Participant: 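If you scroll down you'll find the structure; I have some questions about it.
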Amino acid sequence: MKYNKNFKTIQDIKHLQGVRVLLRLDLNVPIQNGKVVDPFRITKAIPTISYLTKRGAKVIILSHKTEEGGSLAPVAEYLNHNGCKAVFVDAYKNARSHINTMVDGGIILLENLRSNPGEEENSTSFAKELASLGDIYVNDAFGVSHRAHASVCAITKFIPSYAGLLFADEVQNLATAFDPQRPFVFVLGGAKFDTKLPLIEKFMKSADHVFVGGALANNFFKEMGYEIGASMVSPENFNLKRYFKDAKLMLPVDLVVKRGSENIVIDNKEVQPGDVILDAGPKALADLKKVIFNARYVLWNGPLGNYEHGYKQPTINLAEMISMSGAMSIVGGGDTLAAIAELGTADKFSFISTAGGAMLDFLANETLPGIDALVESES
Ligand code: ADP
Ligand code: 3PG
Ligand code: MG
C-alpha cells in the first residue's frame with residue numbers, strides 16, 4: 001500500500017501571528033453570468049481560512065480556474081458576501097505591494113494562477129517567485145493535487161509546507177477505501193471509461209461487489225457482444241473479458257432506452273440498432289438495493305444516467321438507498337453531486353469529496369503528486 005499521510009498539517013504550526021501564509025485552495029467552482037452557482041468547494045475551504053485568520057496569520061489565497069482567461073473575481077465577491085472579507089488582486093505583478101500592507105488576520109485572493117505560464121509547467125522559477133511572497137505554504141487544494149503544477153508541487157521545495165484541514169480530511173476519508181469495512185460495495189457510473197478503468201481494476205480486487213453503470217456499462221455490453229445501438233460508448237477496446245465471469249461484477253440488467261421518440265425499459269440483451277441507452281432500469285436498482293442494504297461500506301462515483309437531460313431518477317434513488325443503508329458512505333464526482341443536488345446532500349453521506357479527477361487518481365494510486373510533495377518537503 002502506497003498510502004502515506006506523513007505530512008505536517010496546519011495544526012502542527014505553533015506560531016501564526018503575523019505569518020504570511022500562501023494558502024493554495026481549489027476554488028475552481030462553476031460560475032454563470034459572473035456569479036458562483038455552486039459554492040461547495042468554497043464552503044469546505046472556510047474552516048482552514050478561519051483557522052489561520054483567527055490565529056493572526058496574513059492569508060494569501062492562490063487558486064485556479066480551468067477555463068483559459070477564467071477569473072476568480074466572482075469567488076472574491078462570494079467570499080465578501082458570506083462573511084469572509086477578502087481583497088481581490090487581479091494581477092500577480094501587484095501582489096507584493098498588497099501583501100506588504102496586509103494587517104494580521106487579513107485575506108487576499110490572487111487572480112487565476114494559470115494566467116502565469118509557469119504554473120502548469122511546474123516551473124521552478126515561478127514556484128520560487130510564489131514562495132517569495134510568503135513565509136509558509138499550505139496546500140488545502142486536494143481537488144487539484146493530482147496536477148504537478150508549480151503551486152501544488154514545485155513550491156514545496158522553497159518554503160515550509162503544510163496540509164490544510166480539508167486536504168487532511170479528504171486524504172483520511174478517501175483512504176478508508178483501502179481498508180474498508182465489509183461487505184464493501186463500489187458503485188461506478190458516469191462516462192470517460194479510460195479515466196475510470198483503473199478504479200474497476202483496483203476495486204475488482206478488493207470490493208465485494210462492483211456495480212458498473214452509466215455510459216461505462218456500455219463498454220462492457222459492447223465487449224460482451226450485446227447490441228448497444230447508438231448509445232454513448234468509448235471507442236477503444238479495454239479487454240474487459242477478464243471480468244465477465246467474476247461474480248463481483250454487476251451491470252444494469254435492465255435499461256431505460258430511447259427508441260424513436262419513446263423512452264422504454266428493456267433488458268440489457270434487448271437493445272436494438274438505433275436505440276440509445278440513457279439510464280438504469282428498475283431491476284438494476286433492485287439489484288443495487290440488495291447489496292447496498294447489506295453493505296457496511298459504500299464507495300460511489302458517477303451518475304447512472306444522462307441526468308442533465310432528465311434521466312436522473314435512478315441516480316437519485318441510488319443516492320437515497322446509500323444514505324439510508326446505514327453503511328459508511330463515501331461519495332464524489334462533480335456530475336454525481338450535480339445530479340443529486342436537490343437532495344441537500346451535505347448530511348446524507350459519511351463523506352462527500354470536493355474532488356473530481358483527484359479523487360479518482362487518489363483512489364486508483366493511493367497517492368497524488370501534491371501529497372508526495374508535502375511528504376517530501378522538509379517543513
Ligand atoms: P463524475 O463527474 O461524477 O465523475 P462523469 O463525469 O464520469 O461523472 O460522468 C457524468 C456524465 O456521464 C454526465 O454527463 C452524464 O450525462 C453521463 N452519462 C451517464 N450515463 C449515461 C448514459 N447512459 N448515456 C449518456 N451519458 C451518460
Ligand atoms: C477540478 O475541478 O477537478 C480541479 O479544480 C482541477 O481542475 P483541472 O482539471 O482544470 O486541473
Ligand atoms: Mg464529470
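Counting starts at 1 for both ligands and their atoms, following the listed order. Numbering of residues begins at 1 and proceeds along the displayed sequence. If you're wondering where the values come from, they're calculated on a predicted model, not measured in any experiment.
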Participant: Identify the protein heavy atom lying closest to atom 1 (C) of ligand 2, giving its residue, its atom name and the separation to 0.1 Å.
Facilitator: R41 NH2, 3.4 Å

Participant: Quick one: does any side-chain atom of D275 pair with a main-chain N or O of V271 as donor and acceptor, under 3.5 Å?
Facilitator: no

Participant: Tell me if a side-chain donor or acceptor on N112 pairs with a main-chain N or O of G70 at a distance below 3.5 Å.
Facilitator: yes

Participant: With no hydrogens and no angle check, is any side-chain donor or acceptor of K222 less than 3.5 Å from a backbone partner on S234?
Facilitator: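 Yes; at least one donor-acceptor contact below 3.5 Å.
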
Participant: Non-hydrogen atoms of G334 versus ligand 1: any pair closer than 4.0 Å?
Facilitator: yes

Participant: Mark up the atoms of ligand 2 that fall under 4.0 Å of a heavy atom belonging to R114, in ascending order.
Facilitator: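 Those atoms are 8 (P), 10 (O), 11 (O).
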
Participant: Hey, does K196 sit under 4.0 Å from ligand 1 if you only count heavy atoms?
Facilitator: yes

Participant: Side chains of Y307 and D335: is there a donor and an acceptor less than 3.5 Å apart?
Facilitator: yes

Participant: Do any nitrogen or oxygen atoms of H146 come within less than 3.5 Å of a nitrogen or oxygen of ligand 2?
Facilitator: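 No.
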
Participant: If the cut-off is 4.0 Å to any non-hydrogen atom of Y307, which atoms of ligand 1 fall inside it?
Facilitator: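 Near Y307, meaning under 4.0 Å from one of its heavy atoms, ligand 1 has 13 (C), 16 (O).
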
Participant: Tell me: protein heavy atom nearest atom 10 (O) of ligand 2, and distance?
Facilitator: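 I find the closest protein heavy atom is T66 OG1, 2.6 Å.
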
Participant: Can you see whether N263 engages Y311 through a side-chain donor-acceptor pair at a distance of less than 3.5 angstrom?
Facilitator: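 Checked: N263/Y311 side chains pair up, N/O donor to acceptor below 3.5 Å.
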
Participant: Give the atoms of ligand 2, by number and element, whose distance to some non-hydrogen atom of D26 is under 4.0 Å.
Facilitator: 4 (C), 5 (O)

Participant: Select one of side chain, backbone, both or neither to describe which atoms of H149 lie under 4.0 Å from any atom of ligand 2, heavy atoms only.
Facilitator: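 It is neither part, as no heavy atom is under 4.0 Å.
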
Participant: Tell me the nearest of I277, N301, D335 to atom 6 (O) of ligand 1, using heavy-atom distances.
Facilitator: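 That would be D335.
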
Participant: Does even one non-hydrogen atom of K65 get within less than 4.0 Å of ligand 2?
Facilitator: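 Outside the 4.0 Å threshold, so no.
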
Participant: Give the numbers and elements of all ligand 2 atoms closer than 4.0 Å to a heavy atom of R147.
Facilitator: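 Here the atoms of ligand 2 in question are 8 (P), 9 (O), 11 (O).
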
